[in-house]
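Order of the sequence lines fixes the chain letters, A, B, ..., with proteins taken first and strands second; residue numbering starts at 1 for each chain.
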Number of protein chains: 2
Amino acid sequence: MFKTVKQNKAYQDVVEQIQEAIMEGTLKPGRQLPAERELKEQFGISRGTLREALRVLEQKGLIEIRTGVAGGSIVREVNSENLSDNLGLLIRNRAVSLRDLAEFREGLEGGVAALAAQRATEQDRLVLEGLLDEAGGYLKEGRKGWDSFVRTDEQIHLALARISGNPLFIAVLTSVYHNIHTYYENYLPWNTELLQENFSDLKNIVAAVSAGEAERAREIALGHVRRFNAYMEEKKV
Amino acid sequence: MFKTVKQNKAYQDVVEQIQEAIMEGTLKPGRQLPAERELKEQFGISRGTLREALRVLEQKGLIEIRTGVAGGSIVREVNSENLSDNLGLLIRNRAVSLRDLAEFREGLEGGVAALAAQRATEQDRLVLEGLLDEAGGYLKEGRKGWDSFVRTDEQIHLALARISGNPLFIAVLTSVYHNIHTYYENYLPWNTELLQENFSDLKNIVAAVSAGEAERAREIALGHVRRFNAYMEEKKV
DNA sequence: CCGTAGTGAATGGTTAGACCATTAGTAAAA
DNA sequence: TTTTACTAATGGTCTAACCATTCACTACGG
């Protein structure tokens, strides 16, 4: 009937107070908190306890702690790094399989391409074409350019995510790419033909995005990822 | 040319060591770490520093700390609570808007429904139909059943994610649903008609999944989410 | 006048040792 | 057998000190 009364530990109370102040805007990004020796007085706790609280806030990505005379705890701009990290932990720990990752990517890339097509500015188009040129250059280098090509390929995909303007896609895809590398090396049957095909896909996606053709971009991106995944499945077996 | 040598703080070193041990499976979930007073000896640090490390690990969701005689640090089963918390922070900070969330959901639900259709077992079908019945019941209760209906709706979507068998979809969608509630209350123009339409969508999705028709499930799910989002956009303006 | 090396002070990082609070198990009492 | 009280182990907190890092200022040398 009744819930157990939550017995807050001292450091949790501090975490909550500071977090709340940040959330409601009392503490704005860039703002510096008082020094530990002063904060501990304000909260009426010991320095050790205060530091446990600060470590938690740091881990949450809410503050940054700097040493030195002008140092201290500084309120951070909220970002999705943490989300990315967490997802990375999940991927590594839960023994998420290549198939899981690939399926997940399949679900995301189409939507990202479509959104990017709707929202790309002139400048975005230039960036994409620049990356495409770069990738093309690596492709011509033959074997030794492969690694660079793959990295550029990734950058193109991430650029699309950025262009989509949706922080969730950006954070999640960043995390996925950070963690899929391991698999590429083991499972992808690298060869010139595959890379050429890949490059051709990229060109088509960028073309569709530049033309603002959302649905075409979606389809090509989806097909691209699917083919890629199919290759990996083959090799895996 | 050279990168600054990373000056690890003592507590960071401890965090990394323990985290690594958990990741590579040396420390399995449920396993209990030595008591603080012993751990500090093993690491050769003070108790305060050790505790900062443990707090970080706790915040990361890797361990749980219990008080009392049989207490201590226990390695946790990895879960997506943290991911959810993070997403919550981003939303509260307006770094992620309703539109962002909705778009993201649109990207995911189609794929989930398609996978679920491919993989649903007989038992899964029963669960889905059970949930559907439950939702239908709430719908008949009129106004006072709305909340329950929405919650059941969510459970159906989460059940689909579970059936898809992909831990990434499960984790991410769980986080999204945990956090989208805030918006529902503010932006959804609840009325019988909308709920009826919603219910009809759900029935169709479940039917397609049960029939193993992946592409149809994908399309219906996508349309479902899109319509839902469109309603919210309207109300918002 | 300008640059550079040195120096001091403020701040976080770490240590040691003590005591408080919580809790599971055990022994004693009903 | 059930309840109560005690005990010991463990995390939670406190105090007080010293170490390590960084920035700003000063004094010296050009």
Margin query: Tell me whether Arg92(B) is salt-bridged to Glu20(A), with the criterion being a basic N under 4.0 Å from an acidic carboxylate O.
Written below: yes

Margin query: Can you measure Arg51(B) atom CZ to dT14(C) atom P for me and round it to whole angstrom units?
Written below: 15 Å

Checklist line | Interatomic distance, Glu36(A) CD vs dG13(C) P [rounded to whole Å] | finding: 6 Å

Notebook entry, point to check: Roughly, in whole Å, what's the span from CG in Asp13(A) to P in dG12(D)?
Noted result: 15 Å

Next item on the list: Compare the minimum distances between each of dG11(D), dT14(C), dG12(C) and the side chain of Ile65(A), then state the nucleotide with the smallest one.
Entry: dG12(C)

Item checked: Test: Arg125(B) and Glu129(B) ion pair at under 4.0 Å -> no

Check: On DNA chain D, nearest-nucleotide positions of Thr67(B) versus Lys40(A): which is more 5'?
Finding: Thr67(B)

Item checked: Salt-bridge present (Glu52(A), Arg55(A); N to O < 4.0 Å) -> no

Check: What are the two closest heavy atoms between Glu103(B) and Phe169(A), and how far apart are they?
Finding: O-CZ, 3.9 Å

Check: Roughly, in whole Å, what's the span from NZ in Lys9(A) to P in dC14(D)?
Finding: 14 Å

Notebook entry, point to check: Is there a side-chain polar atom (N or O) of Arg66(A) under 4.0 Å from OP1 or OP2 of dC23(D)?
Noted result: no

Notebook entry, point to check: Between dT14(C) atom P and Tyr11(B) atom OH, what is the distance in whole Å?
Noted result: 8 Å

Next item on the list: Check the distance between dT10(D)'s C1' and Leu50(B)'s CG and give it to me in whole angstrom.
Entry: 13 Å

Item checked: Closest non-hydrogen atom pair between Leu90(A) and Leu83(B), with its separation -> CD1-CD2, 4.3 Å

Notebook entry, point to check: For Thr49(A) and dC14(D), is the shortest distance between a side-chain N/O and OP1 or OP2 below 4.0 Å?
Noted result: yes

Check: Roughly, in whole Å, what's the span from CG in Leu39(A) to P in dT11(C)?
Finding: 11 Å

Margin query: Nearest to the Val69(B) side chain among dA8(D), dT15(D), dG12(C), which nucleotide is it?
Written below: dA8(D)

Checklist line | Comparing Gly68(A) and Arg37(B) on DNA chain C - which has the more 5′ nearest nucleotide | finding: Gly68(A)

Note to self: Nearest to the side chain of Glu52(B), heavy atoms from C-beta on, is which of dG12(D), dC14(D), dT14(C)?
What the structure shows: dT14(C)

Next item on the list: Would you kindly give the CD-to-P distance between Gln32(B) and dA9(D), to the nearest whole Å?
Entry: 15 Å

Item checked: hbond_proxy Arg47(B) side chain to dG12(D) base (donor-acceptor, 3.5 Å cutoff) -> yes

